Amino acid sequence: MNIERLQQALLNWYKVHKRDLPWRKTTDPYLIWLSEIILQQTRVSQGLPYYLKFSTQFPNVHALANAPQEEVLKAWEGLGYYSRARNLHAAAKEVSHNRDGNFPSSYQGLLELKGVGDYTAAAVASFAYREGVAVVDGNVFRVLSRLFGDATPVNTTQGKKVFKGYAQKLLNKGQPDLHNQAMMELGALQCTPTKPNCRQCPVKDYCSAYAQSAVAQYPVKERKKYNRVRHFFYVYPQYQKQVAVSKRRDNIWKGLFEFPLLEFEEPKEVQEVLESKDFLDLGLRAFQLDTPVKLRAHKLSHQTLHITILPIHFEDKPAAFSHCQWIAKASLKDLAFPRPLRQFLNEKQLNLPFD
DNA sequence: AAACCGGGGAT
DNA sequence: ATCCCAGGTTT
């Protein structure tokens with residue numbers, strides 16, 4: 001294979017077909033890093049509005065570092081993988097307070113920032129500094145597995161090593177920034193998971209899988225099937241114009257707000273929940289239960305949540321929920337909630353505009 | 001090495 | 001219903 005010809009064909013294709021994306025118009029490591037964290041495991045169409053919001057609300061690393069975590073999580077609300085937001089904030093503090101606002105100037109240095117792994121370090125280093133390190137994201141795994149006809153499962157330790165090696169060997173050392181972006185763009189637009197457009201592919205003449213009419217067989221993945229089912233019953237405690245909320249401390253949705261939660265591994269009827277020890281242990285007095293609201297199943301990549309809301313009104317200011325904070329309903333909109341709770345709250349506001 | 005961590009869109 | 005997305009961290 002003539003690597004120089006392949007590199008040139010790739011760049012020529014990229015210059016014609018590349019999408020016009022805002023993070024491609026800058027070499028500011030802050031903006032590039034910000035875009036890369038947002039785009040981890042996230043499609044461009046989903047991440048773009050968040051990038052626009054963050055780059056406006058936090059125009060530089062100091063603005064982000066000096067914001068409260070609750071403000072950062074609120075801006076991240078709905079995007080998922082919230083550890084990204086927490087690590088983003090921690091890394092901003094590190095750069096702002098301990099590095100005088102300067103991001104690490106190399107791939108190796110970038111790797112030390114929280115939330116920055118192999119892909120993101122290579123992306124920032126090549127885009128912002130033109131360092132000669134190859135990026136390997138989901139797109140590049142797919143392109144390389146087809147190009148070399150390599151059936152090593154991509155989602156394994158060995159796969160990461162093998163395909164990183166291909167990527168580094170293929171890298172255009174003169175223009176690593178454009179080359180890396182071109183590889184990813186090729187995977188996103190041309191060498192797609194299903195129905196790749198091989199007919200118009202700039203590198204089809206070099207593609208092993210194409211030569212064997214076996215493009216659809218790549219990439220090979222080891223698939224793990226694990227889907228935990230959980231049943232959440234949220235007590236939604238209301239007293240006059242106030243509600244009780246708490247902040248999640250661990251696991252899923254860490255750092256986001258929620259309501260008092262009763263969780264079960266097995267399905268339960270509302271009546272069973274009301275008679276359960278966990279509910280009775282809340283020690284609620286003088287309350288009225290409204291119609292329970294069953295949300296539709298919330299499917300995550302690795303678990304399914306069945307969520308039921310139990311709205312209750314207290315007649316007197318309750319002594320319970322000491323671990324919660326009582327806040328005005330009007331300020332619910334300022335807090336970051338998990339997606340299903342945010343949808344419930346927004347619909348409830350529509351139904352009860354004067355509540 | 002395997003599990004965990006969100007949400008949305010395409011098929 | 002399943003797969004995949006500009007992946008990283010924890011166990």
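Excluded from the calculations below are hydrogen atoms, water molecules and symmetry mates; all remaining heavy atoms, backbone and side chain alike, are included. Fair warning: this is a prediction, and the values are worked out from it, not measured in the lab.
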With a 4.5 Å cut-off on side-chain heavy atoms, are A:Val16 and A:Asn12 touching? no

Does OP1 or OP2 of B:dG6 have a side-chain N or O of A:Trp76 closer than 4.0 Å? no

With P as the reference atom in both, quote the distance from C:dC3 to B:dA3 in angstrom, rounded to an integer. 16 Å

Which residue lies more 5' along DNA chain B, comparing A:Lys195 with A:Gln46 via nearest heavy atoms: A:Gln46

So A:Arg86, base contact, sugar-phosphate only, or nothing? Heavy-atom distance under 4.0 Å. nothing

In whole Å, what separates the P atom of C:dA6 from that of B:dC4? 25 Å

Ionic contact status for A:Glu185 with A:Arg24, cut-off 4.0 Å: yes

With A:Phe259 as reference, evaluate A:Phe337, A:Phe233, A:Phe321 under the ring-ring contact (aromatic ring centres under 6.0 Å, His included) test and give the passing residue. A:Phe337

Whole-Å distance separating the OH atom of A:Tyr119 from the C1' atom of C:dA6: 3 Å

Would you confirm whether the ring centroid of A:Phe54 sits within less than 6.0 angstrom of the ring centroid of A:Trp76? yes

Contacting residues from residues 146-168 of chain A, given that a heavy atom lies under 4.0 angstrom of DNA chain C: none

Sugar-phosphate, base or nothing in reach of A:Leu79, heavy atoms under 4.0 Å: base

Which part of the nucleic acid, if any, lies within reach of A:Arg43 when heavy atoms closer than 4.0 Å are counted: base, sugar-phosphate only, or nothing? base

Should A:Tyr129 and A:Tyr30 be regarded as members of a common hydrophobic cluster, given that ILVMFWY residues are connected when their side-chain heavy atoms come within less than 4.5 Å of each other, either directly or indirectly? yes

Take atom CD of A:Glu77 and atom P of B:dG7, then tell me their distance rounded to the nearest Å. 10 Å

Protein-nucleotide distance (A:Tyr82, atom OH; B:dG7, atom C1'), rounded to Å: 7 Å

Would you call A:Arg5 and A:Asp205 a salt bridge, taking side-chain N to carboxylate O under 4.0 Å as the test? no

Distances under 3.5 Å between protein N/O atoms and the N/O atoms of nucleotides 9-11 of chain C, please, pair by pair.
{"from": "C:dT9", "atom 1": "OP1", "to": "A:Gly115", "atom 2": "N", "distance (Å)": "2.8"}

Comparing A:Lys299 and A:Gln41 on DNA chain C - which has the more 5′ nearest nucleotide: A:Lys299

Of the candidate nucleotides B:dG6, C:dC5, C:dA6, which contains the atom at the shortest distance from the side chain of A:Lys221? C:dC5

A:Arg24 side chain N/O closer than 4.0 Å to the phosphate oxygens (OP1, OP2) of C:dA6? no

Heavy atoms only, 4.0 Å cut-off, all strands: where does A:Asp118 land among base, sugar-phosphate and nothing? sugar-phosphate

Take atom CE of A:Met183 and atom C1' of C:dA6, then tell me their distance rounded to the nearest Å. 13 Å

Name the one of A:Arg230, A:His298, A:Arg228 that satisfies side chain to side chain donor-acceptor pair (under 3.5 Å) with A:Gln303? A:Arg230

With heavy atoms under 4.0 Å as the rule, sort A:Gly78 into base, sugar-phosphate or nothing. sugar-phosphate

Using a heavy-atom cut-off of 4.0 Å across all strands, would you classify A:Trp23 as base, sugar-phosphate, or nothing? base

Which whole-number value in Å describes the distance from A:Asp137 CG to C:dG8 P? 10 Å

Would you measure the distance from the P atom in C:dT10 across to the matching atom in B:dG6 and give it in whole Å? 14 Å

Counting distance alone, no hydrogens or angles: does the base of C:dG7 have a donor or acceptor under 3.5 Å from a partner atom on the side chain of A:Thr120? no

